[in-house]
Amino acid sequence: MAIVSAYTIIRGLALFHLTLGVLFLRNPKMIADQNIVFVLGEAMKLPTPRDFNKPSAASAFIALLFAFLGISDLTALSLSDEVAEQYWGTQTPVRISFLFGVTGYAYLFREGGMFANSGRHYKPSVGDGLKNSIVFTWGFIELAAWFWVFITIRDERRQRTIRLIQKRQKEAEMM
């Protein structure tokens, strides 16, 4: 059995999202200057955008999205056990897939990356803003956390199934 339950991890992630929302609203430079953003950005040879040096309309919108994500996750945690198990059982793989795509895109399509556009016919695309150290770090950390949630949910489901089988065996023996 896991030391930390899946719902505790999800609560932590929801509070992390709310914290990111506040930071993106008030001081986005603090996020851009974090050591983990620098280390992962340098390791993956990704640029650190300077757009986060001061609050802007874009960082305020990002703050709203993170706050919405955090509040909706906290609300979903208050569902009944059966509904919550189904919700998080389907939500977790979707989030992992999305985050894997975002993280992979930021790395593989970066300048000098495996699938990077180059040459004289290169035209900047809409997705160029996603190829930076902040997006990669966020995607990587979230991917690791949601994978932890996925594994924990799977382990908890297995433990519940084992307990149910043992209970039914004991009931069958008594008859």
>> Pair Trp148, Val4 - check side chain to side chain contact (heavy atoms under 4.5 Å, CB included), show working.
In response: CA-CA 10 Å; Trp148 185 19; Val4 180; 4.3 Å; yes
Please give me the minimum heavy-atom distance between [X] and [Y], naming the atom from each residue.
{"X": "Glu85", "Y": "Tyr7", "value": "N-OH, 3.5 Å"}
{"X": "Ala145", "Y": "Leu13", "value": "CB-CD2, 3.5 Å"}
{"X": "Glu156", "Y": "Ser5", "value": "OE2-CA, 3.2 Å"}
{"X": "Ile153", "Y": "Ala6", "value": "CG1-CB, 3.4 Å"}
{"X": "Ala84", "Y": "Ala76", "value": "CB-O, 4.5 Å"}

Quick one: pull up [atom1] in [X] and [atom2] in [Y] and give me the separation to the nearest 0.5 Å.
{"X": "Glu173", "Y": "Glu171", "atom1": "CD", "atom2": "CD", "answer": "10.5 Å"}
{"X": "Leu23", "Y": "Ile62", "atom1": "CG", "atom2": "CD1", "answer": "12.5 Å"}
{"X": "Thr48", "Y": "Leu40", "atom1": "OG1", "atom2": "CG", "answer": "10.5 Å"}
{"X": "Leu46", "Y": "Asn132", "atom1": "CG", "atom2": "CG", "answer": "7.5 Å"}
{"X": "Leu69", "Y": "Leu64", "atom1": "CG", "atom2": "CG", "answer": "12.5 Å"}
{"X": "Asn27", "Y": "Ser59", "atom1": "CG", "atom2": "OG", "answer": "10.0 Å"}

> Considering the options Ile10, Ile9, Thr8, which one meets the side-chain contact (heavy atoms from CB on, under 4.5 Å) requirement together with Thr152?
Replying inline: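 Result: among Ile10, Ile9, Thr8, Ile9 is the only option passing the side-chain contact (heavy atoms from CB on, under 4.5 Å) with Thr152.
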> Trp88 and side-chain contact (heavy atoms from CB on, under 4.5 Å): which partner among Leu79, Val149, Leu77?
Replying inline: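 Between Trp88 and the candidates, side-chain contact (heavy atoms from CB on, under 4.5 Å) is satisfied uniquely by Leu77.
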> Without hydrogens or angle criteria, can the side chains of Arg95 and Gln91 be said to hold a donor-acceptor pair below 3.5 Å?
Replying inline: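 Judged by distance alone, the side chains do pair up.
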> For Asp51, which residues count as a salt bridge (charged side-chain N to carboxylate O under 4.0 Å, His left out) partner, sequence neighbours excluded?
Replying inline: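 By the salt bridge (charged side-chain N to carboxylate O under 4.0 Å, His left out) rule, Asp51 matches no residue at all.
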> Of all residues at least two apart in sequence or in a different chain, which pass the salt bridge (charged side-chain N to carboxylate O under 4.0 Å, His left out) check with Lys45?
Replying inline: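 Listed in chain order: nothing, the list is empty.
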> Got a donor-acceptor contact below 3.5 angstrom from the Asn53 side chain to the Arg50 backbone?
Replying inline: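 At least one qualifying donor-acceptor pair exists.
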> Are the side chain of Lys29 and the backbone N or O of Lys54 linked by a donor-acceptor pair below 3.5 Å?
Replying inline: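 Judged by distance alone, no pair lies under 3.5 Å.
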[X] with [Y], same ILVMFWY side-chain cluster at under 4.5 Å:
{"X": "Phe68", "Y": "Leu18", "value": "no"}
{"X": "Ile134", "Y": "Phe98", "value": "yes"}
{"X": "Leu20", "Y": "Leu25", "value": "no"}
{"X": "Ile31", "Y": "Leu65", "value": "no"}

Under 6.0 Å from the [atom1] atom of [X], do we count more than 12 heavy atoms belonging to anything else shown?
{"X": "Phe66", "atom1": "CZ", "result": "yes"}
{"X": "Ile36", "atom1": "CD1", "result": "no"}
{"X": "Phe109", "atom1": "CZ", "result": "yes"}
{"X": "Phe100", "atom1": "CZ", "result": "no"}
{"X": "Arg160", "atom1": "CZ", "result": "yes"}
{"X": "Tyr87", "atom1": "OH", "result": "yes"}

> Which hydrophobic side chains are connected to Met174, either touching it within the sub-4.5 Å cutoff or through other members that do?
Replying inline: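 In the cluster with Met174 there is nothing else; it is isolated.
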>> Going by side chain to side chain donor-acceptor pair (under 3.5 Å), name the residues that satisfy it together with Ser72, two or more places apart in sequence or in a different chain.
In response: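 Ser72 satisfies side chain to side chain donor-acceptor pair (under 3.5 Å) with no other residue.
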> Less than 4.5 Å apart, any side-chain heavy atom of Val83 and any of Gln86?
Replying inline: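 SC-SC contact between Val83 and Gln86 ruled out.
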> Can you find a pair of side-chain heavy atoms, one from Ile165 and one from Gln169, that are under 4.5 Å apart?
Replying inline: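 Counting from C-beta outward, Ile165 and Gln169 do come under 4.5 Å.
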> For Phe52, what residues pass the ring-ring contact (aromatic ring centres under 6.0 Å, His included) criterion, not counting sequence neighbours?
Replying inline: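 With sequence neighbours excluded, Phe52 shows a ring-ring contact (aromatic ring centres under 6.0 Å, His included) to Phe24, given in chain and number order.
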Atom pairs and distances, side-chain donor-acceptor, residues 136-143, under 3.5 Å, sequence neighbours left out:
residue: Thr137; atom: OG1; partner: Ser133; partner atom: O; Å: 2.7
residue: Glu142; atom: OE1; partner: His17; partner atom: NE2; Å: 3.2
residue: Glu142; atom: OE1; partner: Trp146; partner atom: NE1; Å: 3.1
residue: Glu142; atom: OE2; partner: His17; partner atom: NE2; Å: 2.5

